[in-house]
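Inspection log for the structure reproduced underneath, given as structure tokens.
Since the model is a prediction, treat every value here as computed from it, not as a measurement. So you know, we letter chains A, B, ... as the sequences are listed, proteins then strands, and number each from 1.
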Amino acid sequence: GAEGGRLVTYNRDENLALAAQRSRLPIFKCRDAILFLVETRATTVLVGQTGCGKTTQVPQYLAEAGWCAGGRMVACTQPRRVAAQTIAARVAEEMGTPLGRDVGYAVRFESVCTPGVTKIVFCTDGVLLRELMDDPLLTKYGVVMVDEAHERSLASDALLGLLKKIQRRRPDLRVVIASATIQAETFAEFFDTRDVPLKPALGPAALAPGARVPSREPGIVSVEGRAHSVAIHYLAKPAPEYVKAAVATALDVHRSEGPGDVLVFLTGEDEIEEACEMLRDAWEEETRAASGRRMSGATNALPGTTNERERTRGEPSNASPGIRSRLVVCPLYAGLPPAAQTEAFAPAPRYARKVVVASNVAETSVTIEGVAYVIDCLFAKKKSYDASRGAESLLVAPVSRAAANQRAGRAGRLRPGKCFRLCTELDFGRLPEQETPEMLRSDLASLVLQLKHLGIDNIVHFEWLSPPPAANMLKAIELLYALGALDDDAKLTSPLGVRLAELPLEPQLGKALLVSDDMGCVSEMLTVAAFTQVTSVWQSARGRQKALDEARDRFAVAEGDAVTFLNVRAAWERAGGVDGGGKSRAFAEKNMLSRRALVRASDIREQLSKHVSRFGLNPSRSIAPAKDPDPVRRAMASGFFANAATLAPHGGGADGCAFRSVRGGGTLYVHPGSVLFRARPACVVYVSAVNTGKEYMRDVTSVDPEWLPELAPHFYAKRNKSGAEPPPDAAFAF
DNA sequence: TAGGGTTTT
């Protein structure tokens, strides 16, 4: 039929079962309270514990109560695309309709909705933020529910600020914010606009005659969850080496605790793989030693950590398991090849216990069934942003108590569980209560551009949930001015600024793509832009550095990573590309390339291609980079002129190939993953700099230093005479 | 000489 040929059979019993399940969810008792608040208040804050059913039920309640009248929809935003897709599928099933008809979803590259028919749409917060550019008052929606708002992602914080603005023009719009307890007051206070006058309603957003103006004092509903209790255990004294402590604790759990899988939180690939090896080796040795002792009649005296640990709650008496069960050890992190990830999700074989050693992916992004024990090192790699250097850092830091509680909750999904925190209870109390919102530790250039596009010229007076540091804001505006996206009055330029705002790319990369029209290499820059958007097209180097270096050298050119990407894509396309089946799969494997990354890069390239076509550029316009790589290099320099570095005098010294940042004078190094790692180009531009111990430049292109003042005269010519010259004062009059 | 936590448009 119209819905992709899927035949839907009405199954009365099945629907009865679903209806019964729905009414048994904890949130069902709050149905009327929620609907009353949404009816009478502009904003409702919903505090819903894990498993209460808020995400699947509330949109249905709203649709049932008539919030989709007049062809409007209920939107429910999610921070992650998989969540939007799977929740939509679940709700469609509950409503007995095919996915994409009454219930749909919208994520990047994929919208499964039927315009005019779909009532409930689950989308990523990023998609809804983008949608504002076409429909600044979100007129398609009667209610917007922002789910997981406590995570404080950049997109959801921005969305909440904008929704507050929209509410002043749309008294008919309702906002529901679903959040964890500790953040509820923050949201309720932010949306309390009792003293703020409404603005005149615009066009179709006007309130229907006779409709009631809602109170602008937010309502709060709290719904108990269905998670099981998790007993928390702390160390009696600090453990300085948390990887070792985590391994010892996991073995201890395996030796002495009842059934249930173990989830260990560590910070990154290296730690995770190291811990997995230690676990496998230790358990193998212990099993061997135990069988030896049994032969000689020795007691079961194994090195343990039990005595070092303070038991904070009544401990069930676990008879030591008589059978030494098998231990299945699985690493889990986002960069792991998909096949290996599947193992971590597969149930453990009978009589075996599974230990999943995971990064932060397991905190919110994925759920592993069967976990009853969590071991938490209480650290994570965290991103921060230093505006003065225009660089990001990715360093290990302690997590917040809120994050630790989220991690602990992973042990209580099926039955009461236990969480072992690898710190003392006193030290735990000293951790920050919550994570720093992403808004406060991000490069804001792209967001400022989007806000300008929405007509928000006075960025400083924008009502931020957490106002970002002034230095970060200034840096973003300075960059946008230098790129020509903002004029002397800090207004968005047209067409350049408008186009940069519409492109789903960082503005520097967007600029490089747009100027490629002048250089005649649009097709090439589409490829380069797409390739820089994926984590890495190369497979993880771990344990196979030599093979990876050799593979990369087959494509590498002296001009750097951008031109190398063109070689990779050309070869991948010759092998069949996305639709190449086994041939392109074999190509990727042979050349240590990640098929997943290549496919995603192709999707991004296609999307960017549509955007530039709309701007009137010819996406097929191409040069022959093998004959002349300079147009691509010049395009990169036109976008990334602010990210330039020159080889330091004696740059090839003991600490590697040092470069001096043209902007701040700081020392930079070429990332070992770059094809220019061993090269010594006099001058380079880079797409990003990340400090992971040293400051590394990623996606590096060698450029002629003469090009920089030529391609960015306003940025360079003045700067050379008088050092760091800021843009005219007018640019700061935002 | 030596390395990428996690999302998303």
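Using a 4.0 Å heavy-atom criterion, one finds that A:R678 contacts the bases of the nucleic acid, with or without backbone contacts as well. Here A:S536 lies in heavy-atom contact (under 4.0 Å) with a base. Looking at heavy-atom distances under 4.0 Å, A:Q545 makes contact with a base. Counting any heavy atom pair closer than 4.0 Å across all strands shown, A:T124 reaches sugar-phosphate atoms only and no base atom. Among the protein residues, A:A380 comes within range of no part of the nucleic acid, since none of its heavy atoms lies under 4.0 Å from any strand. Across all strands, A:Q78 comes closer than 4.0 Å to no nucleic acid atom at all (heavy-atom distances). Heavy atoms of A:V107 sit under 4.0 angstrom from primed sugar atoms or phosphate atoms, though from no base atom.
With ring centers used as reference points, A:F379 lies under 6.0 Å from A:Y242.
Ring geometry, A:W464 versus A:F462: the interplanar angle exceeds 60°, so the pair is classed perpendicular (tilted spans 30 to 60°).
Computed from coordinates, the A:K546 NZ to B:dT1 C1' distance equals 17 Å when rounded to whole Å. Rounded to a whole Å, the CG atom of A:N691 is 14 Å from the P atom of B:dG5. At whole-Å resolution of the value, CG in A:L647 and P in B:dT1 are 15 Å apart. A straight line from CG of A:L503 to C1' of B:dT8 spans 16 Å, rounded to a whole angstrom. Following rounding to the nearest Å, A:E392 (CD) and B:dT8 (P) show an atom-to-atom distance of 16 Å. In this structure, A:D125 atom CG and B:dT9 atom P are separated by 8 Å, rounded to whole Å. Put simply, NZ on A:K383 is 9 Å from C1' on B:dT7, counting in whole angstrom units. Counting to the nearest Å, the P atom of B:dG5 and the OH atom of A:Y385 are 22 Å from each other.
Between A:L548 and A:R600, the residue anchored closer to the 5' end of DNA chain B is A:L548, taking for each the nucleotide with the nearest heavy atom. Closest-nucleotide positions on DNA chain B for A:V127 and A:Y333 were compared, and the one nearer the 5' end corresponds to A:Y333.
Checking B:dT9, B:dA2, B:dG5 against the side-chain heavy atoms of A:P504 singles out B:dT9 as nearest. You'll find that the side chain of A:F677 is closest to B:dA2, out of B:dT8, B:dA2, B:dG3. Here the nucleotide nearest the side chain of A:V361, chosen from B:dT6, B:dG3, B:dG5, is B:dT6. Side-chain proximity of A:Q533 to the nucleotides B:dT7, B:dT9, B:dG3 is greatest for B:dT9.
The side chain to side chain contact (heavy atoms under 4.5 Å, CB included) with A:P507 is formed by just one residue from the set A:L496, A:L449, A:V448; it is A:L449.
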Discussion item. Test salt bridge (Lys or Arg N to Asp or Glu O under 4.0 Å) on A:E438 and A:R152; report intermediate values, then the result.
Written reply: CA-CA 6 Å; A:E438 205 181 0; A:R152 304 297 307 272; over 6 Å; no

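In this structure, the side chain of A:Q533 does not engage the main chain of A:A601 through any donor-acceptor pair within 3.5 Å.
You'll find a donor-acceptor pair under 3.5 Å spanning the side chain of A:R130 and the base of B:dT9, going by distance alone.
The side chain of A:R108 places no N or O atom within less than 4.0 Å of a non-bridging phosphate oxygen (OP1 or OP2) of B:dT7. Close to B:dG3, at under 4.0 Å from its OP1 or OP2, lies no side-chain N or O of A:K694.
Between the side chains of A:N472 and A:R441, no donor-acceptor pair is found at a separation under 3.5 Å.
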